[in-house]
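Working notes, beginning with the structure itself.
Convention: sequence-line order gives letters A, B, ...; per-chain numbering from 1.
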2 protein chains.
Amino acid sequence: MDNVEFATALHTLTLLAGSEDVVSSAFMASSINVNPVVVRKSLARLRSLGLVETREGKGGGARLAKPASSILLSDIYKAVNKAPLLGRTNHPNPDCPVGRQINERLYTLYEEADKAILEKLESITLADFRSKFK
Amino acid sequence: MDNVEFATALHTLTLLAGSEDVVSSAFMASSINVNPVVVRKSLARLRSLGLVETREGKGGGARLAKPASSILLSDIYKAVNKAPLLGRTNHPNPDCPVGRQINERLYTLYEEADKAILEKLESITLADFRSKFK
DNA sequence: CATACTGTAATATTTTTTATTACAGTACAA
DNA sequence: TTGTACTGTAATAAAAAATATTACAGTATG
């Protein structure tokens, strides 16, 4: 479903929160232990939501677009999770009365569960998270 | 990770909540549009948590082990989700100070997010969910 | 203009999920 | 007491999803 890993995005942003100047995708990739392309894809999402700025060319890389204290973990979640976590592909039989109706009910439920996560993540800033490290 | 789909389990239980006598895995599978073996695996989890009873042999099948009004959607979630939803495989580089510490912090965060979902699901009984259908 | 980056597409590989097959065990019913 | 209709579960196959790799055009810097 072309999802980007939340952990990758949060790890990336945590690294950026600890650096004044731009950081290259290669450096971050080696810290996260994933491929640089994965980091760049993740950054593309974060950039589209205004969380990071990137600079191309020599000496380029990424940095936070605003203070870590004003980035909520829910912002990251939204950037990265397109579909509700709990829902997956589910194709009930249209001839079954329960099957027919259940999908919309499930979807509503999944959205509620997602909202519960979001509310939790809204209460934590990137600066909070980052401050847990020495 | 050998996870069982929450939607499959809930669909199964919704069918059982609407029937007095036992229902076969083949019938439920055709409503859900999955393989009967997937339904039986799901039922195995639900049975181990005391949510359903199954009967082997001819005329066998499954039924609720207790009233739908006393089954919480969080019970189903617990039966089915072994690991937190938000966490996935993540193997940061042990030589990076951030990478080294981040895993345990992430895990704590994932558990908190999971708790948020659980609290939401605790507020809904299977009977509530089922009552939404005619 | 050489160098060191980003952006992104195309493809391959790996991992995870789901399906299928197979078959032993159990209960009912003629 | 035997055939029938189920469950339980393991082993394997297939499909789907995530991740890695390769490739290369574009861009900023010195």
Item checked: Integer-rounded Å distance: D:dC6 P and B:R63 CZ -> 17 Å
Notebook entry, point to check: Is any side-chain nitrogen or oxygen of A:S24 closer than 4.0 Å to OP1 or OP2 of C:dA4?
Noted result: no
Margin query: Test of understanding: with side-chain contact (heavy atoms from CB on, under 4.5 Å), list the residues that count as partners of B:S25, not counting sequence neighbours.
Written below: B:P36, B:V39, B:R40
Notebook entry, point to check: Among pairs that include at least one residue of residues 53-64 of chain B, which meet salt bridge (charged side-chain N to carboxylate O under 4.0 Å, His left out), considering only residues two or more places apart or in two chains?
Noted result: B:E53-B:R63
Check: Toward the 5' end of DNA chain D, which comes first, B:G59 or B:V37, by nearest nucleotide?
Finding: B:G59
Checklist line | Interatomic distance where CD belongs to B:E5 and C1' belongs to C:dT16 [whole Å] | finding: 12 Å
Note to self: Test of understanding: with side-chain hydrogen bond (donor to acceptor under 3.5 Å, both in side chains), list the residues that count as partners of B:E111, not counting sequence neighbours.
What the structure shows: B:Y107
Check: Hey, is NZ on A:K115 packed in by over 12 heavy atoms from elsewhere, all under 6.0 Å?
Finding: no
Identify all pairs in which a protein N or O lies below 3.5 Å from an N or O of nucleotides 12-15 of chain D, and state each distance.
none

Check: How would you list, by chain and number, every residue that makes a side-chain contact (heavy atoms from CB on, under 4.5 Å) with B:A62, sequence neighbours excluded?
Finding: B:L16, B:M28, B:L43, B:T54
Check: Within the pair B:T54 and D:dG8, is there a side-chain N or O less than 4.0 Å away from OP1 or OP2?
Finding: yes
Next item on the list: Nearest whole angstrom, please: distance from the C1' of C:dG7 to the CD of A:E53.
Entry: 17 Å
Margin query: Using whole Å, what does the distance between atom C1' of nucleotide D:dT19 and atom CZ of A:R45 come to?
Written below: 14 Å
Item checked: Contact nearer the 5' end of DNA chain C, comparing B:V34 with A:G61 -> A:G61
Notebook entry, point to check: Expressed in angstrom and rounded to an integer, what is the separation of A:L43 atom CG from C:dC5 atom P?
Noted result: 15 Å
Next item on the list: Nearest-nucleotide wise, let me know which of B:M28 and A:R40 is further upstream toward the 5' end of DNA chain D.
Entry: B:M28
Check: Over how many whole Å does the gap from B:D21 atom CG to D:dC6 atom P extend?
Finding: 13 Å
Could I get a table of every N or O pair under 3.5 Å where one atom is in the protein and the other is in nucleotides 25-27 of chain C?
unit_1	atom_1	unit_2	atom_2	d
C:dT26	O4'	B:E56	OE1	3.1
C:dT26	O2	B:G57	N	3.3
C:dA27	N3	B:K58	N	3.3

Item checked: All salt bridge (Lys or Arg N to Asp or Glu O under 4.0 Å) counterparts of B:E112, not counting sequence neighbours -> A:K120
Note to self: Holding to side-chain hydrogen bond (donor to acceptor under 3.5 Å, both in side chains), I want the full list of residues that pass it with B:T125, two or more places apart in sequence or in another chain.
What the structure shows: B:D128
Next item on the list: Check whether any side-chain N or O of B:T12 sits under 3.5 Å from a backbone N or O of B:T8 as a donor-acceptor pair, and report yes or no.
Entry: yes
Notebook entry, point to check: Would you say A:N35 reaches D:dT21's phosphate, i.e. side-chain N/O to OP1/OP2 under 4.0 Å?
Noted result: yes
Would you be so kind as to tabulate the donor-acceptor pairs closer than 3.5 Å made by side chains of residues 67-77 of chain A, with sequence neighbours excluded?
unit_1	atom_1	unit_2	atom_2	d
A:S70	OG	A:P67	O	3.0
A:D75	OD2	A:L72	N	3.0
A:Y77	OH	A:D114	OD1	2.8
A:Y77	OH	A:D114	OD2	3.2

Notebook entry, point to check: How long is the line joining CG of B:L46 and C1' of D:dT7, in whole Å?
Noted result: 15 Å
